[in-house]
> 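The structure that follows is given in the form of structure tokens.
Everything numeric here is computed off the predicted structure, so don't read it as measured data.
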Amino acid sequence: MDSPRKSLLSRLGHWAAELLLVFLGAYAAFWLTNHQEHLQEAKRRDQILAALENEIVGSLESAKTEGLKERTKVAEFRRALDAGEMPPIRPFAFTTDYSATDAATLLQSGGYQLLDVKTLIALRHVESTLRGGLSRIMHYEKLSDELIVPNLDQDISFFYDPATNKLRKRFEMYPEALQATVKFAQDLERTHTELLKRIQGERRRGH
């Protein structure tokens with residue numbers, strides 16, 4: 001008499017077992033897909049961080065080297081100026097291979113989605129420092145092209161007042177321009193160091 005009931009319970013149990021297997025199979029496939037995507041994202045994230053780290057290390061070394069050279073040059077000019085030696089005025093020129101599209105391309109390739117917010121903020125600080133510093137440098141370079149370059153064949157008295165051994169008023173910007181390059185290098189060193197710390201910390205956490 002219990003046979004039909006047992007048969008129904010058996011079928012229900014078999015059906016429930018099949019449903020559970022289907023569910024587990026689907027979940028396992030979903031988990032595997034997510035896991036593979038996570039591994040791919042982690043790999044891509046580390047590639048972006050590695051590229052950034054390599055770039056920042058080189059830029060930081062360059063900033064330190066150039067900063068030391070500029071500080072030495074400015075200090076010597078200041079010493080000679082304060083001593084009344086009327087040091088020579090040279091054209092103010094600054095070259096850079098900086099391109100705003102480099103970082104933008106790297107970020108658009110996945111950096112915005114994969115990198116830590118603090119790393120992105122540190123990167124923005126570097127970009128802001130570069131743009132602001134280059135803008136100031138270009139301003140002084142323009143003044144140099146207008147006031148210094150056309151007058152390089154002039155006697156030193158064209159640039160200095162012989163009565164005081166001080167720079168003439170229209171050339172008083174020269175020490176300021178030299179100092180701007182020092183500040184630019186210092187700002188770059190500071191922001192690059194902070195970004196490098198963020199990148200290296202993020203890479204360690206990802207391993």
Side-chain angles (χ1 to χ4, degrees), residues 51-108 111 119-199:
L52 278 172
E53 182 176 3
N54 184 63
E55 186 71 22
I56 292 302
V57 167
S59 296
L60 182 56
E61 288 304 312
S62 178
K64 288 179 178 179
T65 301
E66 291 302 315
L68 179 59
K69 286 167 55 178
E70 292 301 324
R71 285 195 297 273
T72 302
K73 183 166 67 176
V74 172
E76 174 55 27
F77 183 86
R78 276 290 183 188
R79 183 206 62 75
L81 186 66
D82 292 341
E85 297 176 9
M86 295 190 295
I89 302 296
R90 297 184 174 87
F92 187 75
F94 187 86
T95 58
T96 178
D97 58 357
Y98 166 72
S99 173
T101 59
D102 292 344
T105 300
L106 190 64
L107 291 175
Q108 288 169 2
T119 301
L120 290 173
I121 291 174
L123 182 58
R124 287 297 188 191
H125 286 166
V126 170
E127 289 288 301
S128 178
T129 298
L130 279 166
R131 287 194 300 270
L134 287 175
S135 177
R136 288 190 296 273
I137 296 298
M138 293 305 105
H139 168 70
Y140 289 123
E141 189 170 39
K142 184 174 182 293
L143 290 177
S144 172
D145 290 342
E146 294 173 352
L147 300 175
I148 298 174
V149 174
N151 299 299
L152 290 177
D153 58 345
Q154 298 284 347
D155 185 80
I156 195 68
S157 62
F158 181 83
F159 300 100
Y160 290 88
D161 180 355
T164 62
N165 288 1
K166 300 296 183 183
L167 285 165
R168 294 189 183 277
K169 190 171 183 61
R170 62 182 176 276
F171 299 113
E172 287 178 350
M173 60 79 186
Y174 188 75
E176 180 183 325
L178 293 179
Q179 186 59 42
T181 63
V182 172
K183 185 178 186 307
F184 186 30
Q186 290 173 335
D187 289 344
L188 283 179
E189 185 175 340
R190 173 178 52 80
T191 54
H192 276 65
T193 299
E194 176 59 27
L195 177 57
L196 184 60
K197 288 179 181 178
R198 293 291 180 189
I199 290 171

> Is any side-chain N of the basic residue among Glu70 and Lys73 closer than 4.0 Å to the acidic one's carboxylate O?
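Salt bridge present between Glu70 and Lys73.
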> Within a strict 4.5 Å, meaning less than it, do heavy atoms of the Leu60 and Glu189 side chains meet?
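Leu60 reaches Glu189 side chain to side chain.
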> Provide the closest heavy-atom pair for Pro162 versus Ser157 in the form atom of the first, atom of the second, distance.
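So the two residues come closest at CG-CB, 3.8 Å.
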> Output the distance between atom NZ (Lys197) and atom CD (Glu194), rounded to the nearest 0.5 Å.
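Between Lys197 NZ and Glu194 CD, I get 6.5 Å after rounding to 0.5 Å.
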> Given side chains that start at C-beta, do those of Leu167 and Pro175 come closer than 4.5 Å, heavy atoms only?
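Yes - at least one pair of side-chain heavy atoms lies under 4.5 Å apart.
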> Does any non-hydrogen side-chain atom of Pro87 lie less than 4.5 Å from one of Tyr160?
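In short, these two side chains touch, coming nearer than 4.5 Å.
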> Report yes if the side chains of Glu141 and Asp145 come closer than 4.5 Å at any heavy-atom pair, otherwise no.
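With C-beta onward as the side chain, the pair touches.
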> Which atoms form the tightest heavy-atom contact between Phe184 and Thr129, and what is the distance?
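It is CE1-O, 3.5 Å.
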> What are the two closest heavy atoms between Arg170 and Leu147, and how far apart are they?
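Scanning both residues completely, I find the closest heavy atoms to be O-CD1, 3.5 Å.
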> Let me confirm one number: the CG-OG1 distance from Leu123 to Thr119, rounded to the nearest 0.5 Å.
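Result: 9.0 Å between the selected atoms.
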> Could you give the distance from CD1 (Ile56) to CG (Asn54), rounded to the nearest 0.5 Å?
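Separation between the atoms: 10.0 Å.
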> Main chain of Gly58, side chain of Ser62: is a donor-acceptor contact present, judged purely on distance under 3.5 Å?
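No, because the side chain of Ser62 does not come within donor-acceptor range (under 3.5 Å) of the backbone of Gly58.
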> To the closest 0.5 Å, what do you measure between CG (Leu195) and CD (Glu53)?
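Here the rounded value is 10.0 Å.
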> Indicate yes or no: does Arg124 engage Glu127 in a salt bridge with an N to O separation below 4.0 Å.
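Salt bridge between Arg124 and Glu127, a charged N being under 4.0 Å from a carboxylate O: no.
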> Is there a side-chain contact between Arg190 and Asp187 in this structure, where contact means two heavy atoms from C-beta onward sitting under 4.5 Å apart?
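Heavy-atom side-chain distance check passes, below 4.5 Å.
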> What pair of heavy atoms forms the shortest contact from Val126 to Thr191, and how long is it?
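Heavy atoms only, the tightest pair is CG2-O, 3.5 Å.
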> Show your reasoning for whether side-chain contact (heavy atoms from CB on, under 4.5 Å) applies to Ser59 and Leu188.
CA-CA 9 Å; Ser59 296; Leu188 283 179; over 6 Å; no
> Taking the side chain from Tyr174 and the backbone from Phe92, do they hold a donor-acceptor pair closer than 3.5 Å?
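No; zero donor-acceptor contacts below 3.5 Å.
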> Between Ser135 and Arg131 (side chain of the first, backbone of the second, donor and acceptor by atom type, cut-off under 3.5 Å), is there such a pair?
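Flag not set: sc Ser135 to bb Arg131 has no pair under 3.5 Å.
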> State, yes or no, whether a side-chain contact exists between Glu172 and Lys166 at a heavy-atom distance under 4.5 Å.
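No, their side chains stay 4.5 Å or more apart.
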> Are side-chain heavy atoms of Leu178 and Tyr140 found at a separation under 4.5 Å?
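A side-chain contact is absent here, since even the closest heavy-atom pair is not under 4.5 Å.
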> Please round to the nearest 0.5 Å and tell me the distance separating atom CD of Glu61 and atom NE2 of His192.
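Reported value, rounded in 0.5 Å steps: 11.0 Å.
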> Please tell me whether Phe171 and Phe158 form a close aromatic pair, meaning their ring centres lie under 6.0 Å apart.
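Ring centroids of Phe171 and Phe158 are less than 6.0 Å from each other.
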> Provide the closest heavy-atom pair for Pro88 versus Ile156 in the form atom of the first, atom of the second, distance.
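So the minimum-distance heavy-atom pair works out to CA-CD1, 4.3 Å.
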> Give a yes or no on this: more than 12 heavy atoms of other residues, nucleotides or ligands lie within 6.0 Å of atom CZ of Arg168.
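It does: Arg168 CZ has more than 12 such atoms within range.
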> Is it the case that the side chain of Arg79 and the backbone of Val74 share a donor-acceptor pair, with hydrogens and angles ignored and the cut-off at 3.5 Å?
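No, because the side chain of Arg79 does not come within donor-acceptor range (under 3.5 Å) of the backbone of Val74.
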